[in-house]
Amino acid sequence: MEKPKLLLIDGNSLAFRAFYALINQVDRFVNHDGLHTNALVGFNNLLDGIVDPFEPDKALVAWDAGKTTFRTNAYDNYKGNRDKTPQELVEQFEPMREMVRLHGITNYELPDYEADDIIGTMAKAGVAAGYNVTIVTGDRDMRQLVADNITVWITKKGISEIDKYTPNEVSDVYGGLTPDQVVEVKGLQGDPSDNYPGVPGIGEKTAIKLIQEYNTIPELYAQIDDMKASKRKENLIQYQDDAFLSRDLARIRTDAPVTIQLEDLIYQGIQYQDLIPFYQHLDFKQQLVKLANQGYTIAGARESVQEKQVLNVVPLTANNLAHVELLTDDVDFYLELDGDNYHRAAIVGFVLGNQKQGYLASRDLELLTQATPVRKVLENKAVKKNVFNAKETFVALHRYNVNLVGVDFDLLLVSYLLNVNDNSNDLGTVAHEHNYFDVQSDDEVYGKGAKFAILENDTDFFEHLGRKVQAIGALKAPLTQKLVEHEQTDLYTEIELPLTFVLAQMEMTGITVNAERLLGMQSKLTERLSELEQTIHQQAGHEFNIQSPKQLGVILFEEMGLKPLKKTKTGYSTSVEVLEQMTDVPIVASILQYRQLAKILSTYVDGLLRVIHGSDSKVHTRYLQTLTQTGRLSSVDPNLQNIPVRVEEGRQIRAAFEPEQKGWSLLSADYSQIELRVLAHITDDEIMRQAFINDEDIHAATARRIFGLDPDAVVDGNLRRQAKAVNFGIVYGISDFGLAKNIGTDRKTAKNIIETYLLEYSGVKSWTEKIVLDAREKGYVETLSHRRRYLPDIKAKSFNARSFAERTAMNTPIQGSAADIIKIAMIKMQKALDQQNLKSKMLLQVHDELIFEVPEEELELMHQLVPEVMDSAVKLTVPLKVETHEGKTWYDAK
DNA sequence: GCTATCACG
DNA sequence: ACGTACGTGATAGCC
């Protein structure tokens, strides 16, 4: 019969390991009460990953009882050089013991003894009683306890991996010594971390060699007279007492006066019902998700979803279609697609209903697209619809000729507004963020990457759809309430929700791209690149992959002997920044040219050609409305917000963007200096406000101020350029280092410039100070429209993390308010186009710029209307300014 | 899947 | 002494 298993865990050493493994992120692991949880996370992983699968018969977690032990009594300095245990860890000890209890394991500590001694003693008792003993620890010295029936597991890499030691492995690492001899080695070697000395000049290598020869420290000293004379011999003799003392300190006791018996250590297994509220207290979302997936009920969630939801979902068929007609109030609706890009993906299922009347699910698209009650509900404005991702739902339905109206609640959008950090696009993940666990993520249900597959079994598929749509319904009330608490109801109902349909319209309209023109560029660029490639290979003396930074680094900095000015994590940096400082070398100039053209070809020419829809010769981007931390949009598939403009060769890409119809034009309208105007407004800086009120050249005005020129002096280009960089710096949350790098000066000069700036613009100065204090106090910053960004790192210990949060505190209200403004303008603009029945269409948004296609007869009107709408979007204490340009292509609209 | 690079505001 | 400008997305190379 197999022996019973006894598991002994070194709580103290593992707690320290777990804490320091995530020390960099200590401020990111904080629960809703401010309790740090980084060590708890690590410890929990250890219990889950190692202990629970191990299924011991008996288990114990041993802890140090206090500072003084028999070792400190024997040797004053024992562990005397240890820093005080950080408060962030101390506060985790008690919850950690609770965690151990809830995993069904006994905690134990013993005055005057360390955790090691408890383990040593119990290990010996276990062996005597016929157990196989396993010890888990972070302390390598515990290997002295290894024996035939005692295995020691030592964590490495923090606590994620373990090494297992039996007598064989100990022998391997200790050059053939036995576990007993570990203390002999330690005695000679000493231990700086425990602050005991050993013999000077003897490290681990020498200690092992000596013990191999003499077996033990007493035997060594018995024969020391025969040792041939050396400095080492002198040291051994002089520090004999230290050697014996250290050996004694290193030896783990196996006879500690423990007051527990093996019978007290019966492993109880995980106490799920109590572990769930405990995880909720710690905000261990992932653990809760795991438990929910195992079928445990996560009830009593902190926020507001109290009751376990009972799922009532049945297949929708021609026979029960009439049930849908009973849905006249709030309807929860969810549409499943087989891919991310809703301009192409197919609808593979849908589900609708409400908690009270139950849900109906189907894959039969006829029930959705024909003149059915389902369609009637979706197209009836009077029936409020609750969805997840209204834009996706609207666009996909539109492709099937269903016109979704009356959307009231968009779970994705609301969740994003409540906390921009939770920017997952997955319904399950979003629900988990709000402590709703009766639904799984799509990754879990459908698999991810290549393994993605919509469920084939109707029962399973409809259950997942049912759980999703039910989550939407369940979260509506609590999250809507939270919007009210955040004063974000207007932001949602007046800005983000209406905007989502404006964006949907823009995306569906798309923009025409002239593929022939791109193909022409493709062949020209390909040719030029192949010439450049030959030149570069000649200049290098042999062929290599120019696009490989690694190979390029070898050529430049090893073969050609250029001086590396900067390095990356993995090697030499070959970025523009670096290469531009060595353009006198011919190959460098060629490489820069090559890089530029290769980028244009691969990302823009080839990239755009790949995404032109065959049906209409257009590209249809998707604007991500719930991604950025500031409230800006982002654009994907393709990204139309980073089409080249600064360099002529790249700018030519814009010539491929055309109006859909012949004779029409593209019109672009951009806000001039919107972020600085927002800055002037929110800081209420009188000087800056006057500059904008007087419509001055803001960078020139700044230059006059910071360089002490006369108010009407002409500003030369260089000073204006520097002033512009300073203005940008202010918007980004300035640092002397960043500014110095940007304008190519030293840090001290940059520092002076910043000081002068803040002296001149005293309103800006007081605002930057206030906003950081504000962030520290509230934990978040806000834009003009109450868009909120939490900044947990604002109190971080790490200078780096804290500084970043401080810069963010300054930048987000500026960048985010500018984003608010253009969003409002877009809604008003779409309304104006609709109301005036104009043919012109709004096509693109590029952060501070809107692009329209306009028929000839509306050009004049649009040049007037667009700026009018944009600059009156909000009322600031400075004017907003909008400039328009038109042309036959986007390139020409400059 | 990560890193380096480079395109935009 | 620390080591930094803010916000994004796409591509290629490489493990």
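First the proteins, then the strands, lettered A, B, ... as listed; each starts at 1.
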**Prompt:** Over how many whole Å does the gap from A:Glu849 atom CD to C:dT8 atom C1' extend?
**Reply:** 16 Å
**Request:** Scan every strand shown for a Watson-Crick or G-U wobble partner of C:dC2, both distances under 3.5 Å, and answer none if you come up empty.
**Result:** none
**Complete:** Atom CD of A:Gln641 and atom P of C:dG7 are separated, to the nearest Å, by 16 Å
**Complete:** Between A:Leu562 and A:Val585, the two heavy atoms sitting closest are CD2-CG2, 3.7 Å
**For atom NZ of A:Lys741 and atom P of C:dC6, their distance in whole Å** = 10 Å
**Request:** Using the C1' atom as the reference point in each nucleotide, state the distance between C:dC2 and B:dT5 in Å, no decimals.
**Result:** 27 Å
**Message:** Please confirm whether the shortest side-chain N or O distance from A:Asn545 to OP1 or OP2 of C:dG13 is below 4.0 Å.
**Reply:** yes
**Item:** Within 45° cone of A:Tyr757 ring axis and under 6.0 Å: A:Arg705 NZ or CZ
**Value:** no
**Request:** Please state how far atom CD1 in A:Ile600 lies from atom P in C:dA10, giving the value in whole angstrom units.
**Result:** 18 Å
**Message:** When you measure only distances, ignoring hydrogens and angles, does the side chain of A:Arg807 come within 3.5 Å of the base of C:dG7 through a donor and an acceptor?
**Reply:** no
**Prompt:** Would one find a side-chain N or O of A:Thr628 under 4.0 angstrom from OP1 or OP2 of C:dG7?
**Reply:** no
**Asked** Of the non-hydrogen atoms in A:Gln652 and A:Met521, which two are nearest, and what is the gap between them?
**Response** CB-CE, 3.8 Å
**Message:** Classify the ring geometry of A:Phe557 against A:Tyr572: parallel below 30°, tilted from 30° to 60°, perpendicular beyond 60°.
**Reply:** tilted
**Prompt:** Is A:Asp820 salt-bridged to A:Arg787, going by a charged N under 4.0 Å from an acidic O?
**Reply:** yes
**Request:** Nearest whole angstrom, please: distance from the P of B:dC8 to the OH of A:Tyr623.
**Result:** 17 Å
**Asked** What interatomic distance, in whole Å, is found between P of C:dG3 and the corresponding atom of B:dC8?
**Response** 31 Å
**Message:** Expressed as a whole number of angstroms, how long is the span from A:Glu577:CD to C:dA5:C1'?
**Reply:** 12 Å
**Asked** Taking atom C1' of B:dG9 as reference, at what distance in whole Å does atom CG of A:Asp820 sit?
**Response** 16 Å
**Request:** Please state the C1' separation for the pair B:dA7 and C:dT4 - nearest whole angstrom.
**Result:** 23 Å
**Item:** Integer-rounded Å distance: C:dG13 P and A:Lys569 NZ
**Value:** 21 Å
